[in-house]
Structures are given as C-alpha cells and as structure tokens.
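Positions are given from 1 along the sequence. All values below come from the heavy atoms of this structure, side chains included, with hydrogens, waters and symmetry mates left out.
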Amino acid sequence: METLFFKDTEKDIETAGKIIAKGGLVAFPTETVYGLGANALDGDAVGKVYAAKGRPSDNPMIVHIAKKADLKALCTEVTEDMEKLMEEFWPGPLTMVTKRKEIVPLVTTGGLNTVAVRMPSDTTALALIEKSGCPIAAPSANLSGRPSPTTAQHVVDDLEGRIDGIIFGANCQVGIESTVLDVTTETPVILRPGIITKEQLEKALGKTVEVDKALLHRPDKFNNEGEGLLQDLGADFKPKAPGMKYKHYAPKAEMIIFEGTDELVEKAISEMKTEREAKGEKVGIILYHSDESVTAARNFFAKLRAYDKDGVDVILAAALKEDGVGFSVMNRMVKSAGYNIVKLK
Ligand code: TXA
Ligand code: MG
C-alpha cells in the first residue's frame, strides 16, 4: 500500500480526515506521542489498526475527541470526578477509563465494557478529529513492541507501506504516552503513569488516587510470548490495562539500567563503557539526573530509536528517582531493558 505524506496544513488535514471517515488509517501528532488513527466507531477500521501494528487484539485503544462535550456520547455516565479532571487537564495528556456506551464497538475496547477517552491538546490532532467528524481510536503509531514514535520520521520508519497516510506535524513535547486513569471506581486508579502525576490528580480531585499494583511489579524476566511474568502477584492476577503485560518499547540493542547514587551510577556506566568498547562493541548512554525527569521523558523514546539507527550494541542507562515524572519514565525504562537492572551499593 502507498502511504501518503501530509503536511499539517488545513487542506492536508482535511484530506486526511476524509480518509479516516472512510475507514482508512492515518498517523498524526499529539503532544505525547504520534498516534495511529481510525474511526473509533467503525469496528472494521479499528481492526485494521491491530493488523498494521501487529498488536494483540485484547489490547484496547484510546478514543480521542476534540470537544469535552463529545465525551458523553461514548460513556454511560460523566461523574463529578470526571468533570473535575476534564476541567483541570483537558485538553491534555490524561486518559480516563470510563463505562462504555454500546456505540463504541468491542474491537475498539479490546472486548472490555469500559472505554478509554482523551482530548489531546495538539492543534493538528484536534483539527484532524474535527475534520474526520468522528472520535478517533489511536494507539501509539509504532510497530507493536517498538519504542513509541515522537517524530513523524519514527512513524515512517515503522509503518510506511502499512497505513494510508502520515501527517508530518511537530515533534512531541511530552514524549511519553498519556497518564491512564481508571475512573470507574470510587477511588480512581492509575493504570499507566505519565506526565500528569498522582500528586496532580489527587490535588485536582481532593482525594486519594491509587496506583495499579502491576506498575510496581518488577518480574525477573519475560516468557517466550514476551509477557512479563506476573504470576507472583497471584495465579489469577490480570493487569487492568491489558497493554501493561506485553513486552514494550524494546530497542534492538541490549539495555542495562544502573540504580544507585549519582556517583556510583556514573562510575559504573563509565567502567562498563570502557569494558564493552574494548570488546569492539558500540555503546549508547542514557543519563539524566533526577531533576531532569521531564527532559528524560521528552527524549527517551527518541534516544532508543537513534541508538538503534546507529547500530549501538548496548545501551547503558541511569535509573531516575521514582517519584513524580521520574516514576513514569522508569515505567518505560525498565520495560525497554527487559527488567535488566543492576543495583549498586
Ligand atoms: O498518549 C497516548 O495515550 C497515546 C496518544 C496517541 O494519544 N496513545 C497511546 O495508546 O499510548 P496505546 O494504545 O499505545 O496505549 C493505550 C493504553 C494501553 O496500555 C491499554 O491497555 C490502555 O491504555 N487502555 C485502553 N483502553 C483501556 C480500557 N478500557 N481499560 C483499561 N486500559 C485501557
Ligand atoms: Mg503503545
């Protein structure tokens, strides 16, 4: 299939919107990462997204809307909590998991009775949703398992020839995917951490927010299907966000994370760099200090992809302190490294 390249002009966005309205697939920028969009209410169109990405069909999609008022068409109730969150964080990188209305096909929700909804702030994304005249289901526009795309070129690298079009918009400023919050329960639960933190959510809601325990779990290794081993959380444990169980964000290179004081980490990284280079290996380094977590979020996926392009053999990364945005970056980093973490003492 020929993939059309669009600029982020009104005319091109209109053409792209028509493709989505007719059941096609178009990748587009958002403030978090690039998304691969399809008409969320058209099960056949959404089915094509799973195929193009090679995505497991039990992994539900986020439905993107251009107006807060469009939320009520998709979910059975808009609670007081949801009103507060929309007021504070929309448009922006917060996704709310709500109770699904029947108009949303089960393919879109991976068979679940809930639907994840967000209103992005990127103006190209908003224009595309408006022009297409429908809510847009969009996972990150990468091949399943690869790092999320934060530039249009990343999308070209993964999906050219597999989708109808790509809109070349701005590079993504947030750099990691939206915070996913389950608001179907009295105490909301963070299913995926993002740039909007637990503390910010609690402040806006005036109550406690929980973190899904799958996010705190560090399996020793992955099984052959690429699923993290979650058995030690109990035989029946199922992560609430199905996407959390899959191997994710993996660079082609081996990746090792070093955890400890700045001094110990920097020393260990420099020693291993010398050691590996002596063996003729190409080494990449990802080193941010804990006060640079927002920058780390913005650049992390792009660095993984750049190192892959350079043919790097091993990526040595410094762990961030796991609070605020640091917790969200670490959520991606440990998965990229397949939980390969060296603790320094
Ligand atoms: O920032 C973002 O959220 C980007 C941009 C394109 O908006 N999208 C994105 O989509 O990251 P995706 O498909 O890569 O990740 C969606 C996550 C997955 O972990 C999925 O399991 C979870 O949200 N999710 C979606 N619907 C859900 C639902 N009904 N219940 C629980 N988790 C859900
Ligand atoms: Mg994704």
*Under 6.0 Å between the ring centres of Y34 and F28?*
no
_Whether D308 and R146 form a salt bridge (side-chain N of Lys/Arg under 4.0 Å from carboxylate O of Asp/Glu) is what I want to check._
yes
*Given side chains that start at C-beta, do those of D44 and K48 come closer than 4.5 Å, heavy atoms only?*
no
*Indicate whether any N or O donor in one side chain lies under 3.5 Å from an N or O acceptor in the other, for S148 and E177.*
yes
*Indicate yes or no for a side-chain donor-acceptor contact from D8 to the backbone of G169 under 3.5 Å, with no hydrogens or angles considered.*
no
*asked:* Nearest 0.5 Å, please: how far is NE2 in H64 from CZ in R118?
replied: 4.5 Å
_N/O donor-acceptor pair under 3.5 Å between D313 side chain and K282 backbone_ = yes
*asked:* Using only atom types and a distance under 3.5 Å, with no angle test, would you say the side chain of E271 pairs donor to acceptor with the backbone of A268?
replied: no
*asked:* For a 4.5 angstrom cut-off between non-hydrogen side-chain atoms, does M96 reach L94?
replied: yes
*So, do W90 and V117 sit near enough that their side-chain heavy atoms are less than 4.5 Å apart?*
yes
*So, the side chain of R162 versus the backbone of A52: is there a donor-acceptor pair under 3.5 Å, distance only?*
yes
*Which residue pairs satisfy the side chain to side chain donor-acceptor pair (under 3.5 Å) criterion with at least one member in residues 106-117, sequence neighbours excluded?*
R100-N113
*asked:* Please find the pair of heavy atoms, one from I163 and one from V155, that lie closest to each other, and give the distance.
replied: CD1-CG1, 4.4 Å
*asked:* So does S328 get a backbone contact from the side chain of R332, meaning a donor-acceptor N/O pair under 3.5 Å?
replied: yes
*Check whether any side-chain heavy atom of V49 lies under 4.5 Å from a side-chain heavy atom of P139, and answer yes or no.*
yes
*asked:* Test your reading of the model: is there a side-chain donor-acceptor pair from T150 to the backbone of G175, 3.5 Å cut-off?
replied: no
*Who else is in the cluster with M1 when I, L, V, M, F, W and Y are joined by side-chain contacts under 4.5 Å?*
none
*Check: D164 and L4 side chains under 4.5 Å, non-hydrogen atoms*: no
*CG-OG1 distance between D81 and T185, expressed to the nearest 0.5 angstrom*: 9.0 Å
*Going from CE on M82 to NZ on K72, what distance comes out if it is rounded to the nearest 0.5 angstrom?*
11.5 Å
*Does a donor on one side chain and an acceptor on the other come within less than 3.5 Å for Q200 and T197?*
yes
*Kindly check if the number of other-residue, nucleotide or ligand heavy atoms within 6.0 Å of NZ (K273) is above 12?*
no
*Got a donor-acceptor contact below 3.5 angstrom from the T3 side chain to the G161 backbone?*
yes
_For the CG atom of D122 and the SG atom of C172, what is their distance to the nearest 0.5 Å?_
7.5 Å
*asked:* Just so I know, are the side chains of I166 and F6 near enough to count as touching, which here means a heavy-atom distance under 4.5 Å?
replied: no
*asked:* Is it true that N299 and Y288 share a donor-acceptor pair across their side chains at a distance under 3.5 Å?
replied: yes
*asked:* I'd like to check E2 versus E160 (side-chain heavy atoms, cut-off strictly below 4.5 Å). Are they in contact?
replied: no
*Look up atom CD1 in I13 and atom NZ in K18, then write down how far apart they are to the nearest 0.5 Å.*
13.0 Å
*Okay, side chain of S121, backbone of G92: is any donor-acceptor separation there less than 3.5 Å?*
no
*Output the rest of the hydrophobic cluster of M272: all Ile, Leu, Val, Met, Phe, Trp and Tyr residues reachable through side-chain heavy-atom contacts under 4.5 Å, sorted by chain and number.*
I256, F258, L264, V265, I269, V283, I285, L287, V314, L316, V342, L344
*Do you see a donor-acceptor pair shorter than 3.5 Å between the side chains of R192 and S178?*
yes
*Short question: side chain of D310, backbone of V312 - any donor-acceptor pair under 3.5 Å?*
no
*Flag for T30-T32: side-chain donor and acceptor within less than 3.5 Å*: yes
*Using only heavy-atom distances, determine whether the side chains of N142 and S140 contain a donor-acceptor pair under 3.5 Å.*
yes
*asked:* Side chains of V209 and I190, heavy atoms from C-beta outward: is any pair under 4.5 Å?
replied: yes
*Rounded to the nearest 0.5 Å, how far does CD of E87 lie from NZ of K68?*
5.0 Å
*Is it true that D158 and R305 make a salt bridge, defined as a side-chain N closer than 4.0 Å to a carboxylate O?*
yes
*So if you build clusters from Ile, Leu, Val, Met, Phe, Trp, Tyr with side-chain heavy-atom gaps below 4.5 Å, do V78 and V104 land together?*
yes
*Heavy atoms only: give me the nearest G17-L128 pair and the separation to one decimal.*
N-CD1, 3.6 Å
*Quick one: do E202 and K198 make a salt bridge, cutoff under 4.0 Å?*
yes
*Assess whether atom NZ of K101 is packed by more than 12 heavy atoms of other residues, nucleotides or ligands within 6.0 Å.*
yes
*Which heavy atom in P188 sits nearest to a heavy atom in E186, and how many Å separate them?*
CD-O, 3.3 Å
*Count the heavy atoms belonging to other residues, nucleotides or ligands that lie under 6.0 Å from NZ of K207, then report whether that count exceeds 12.*
yes
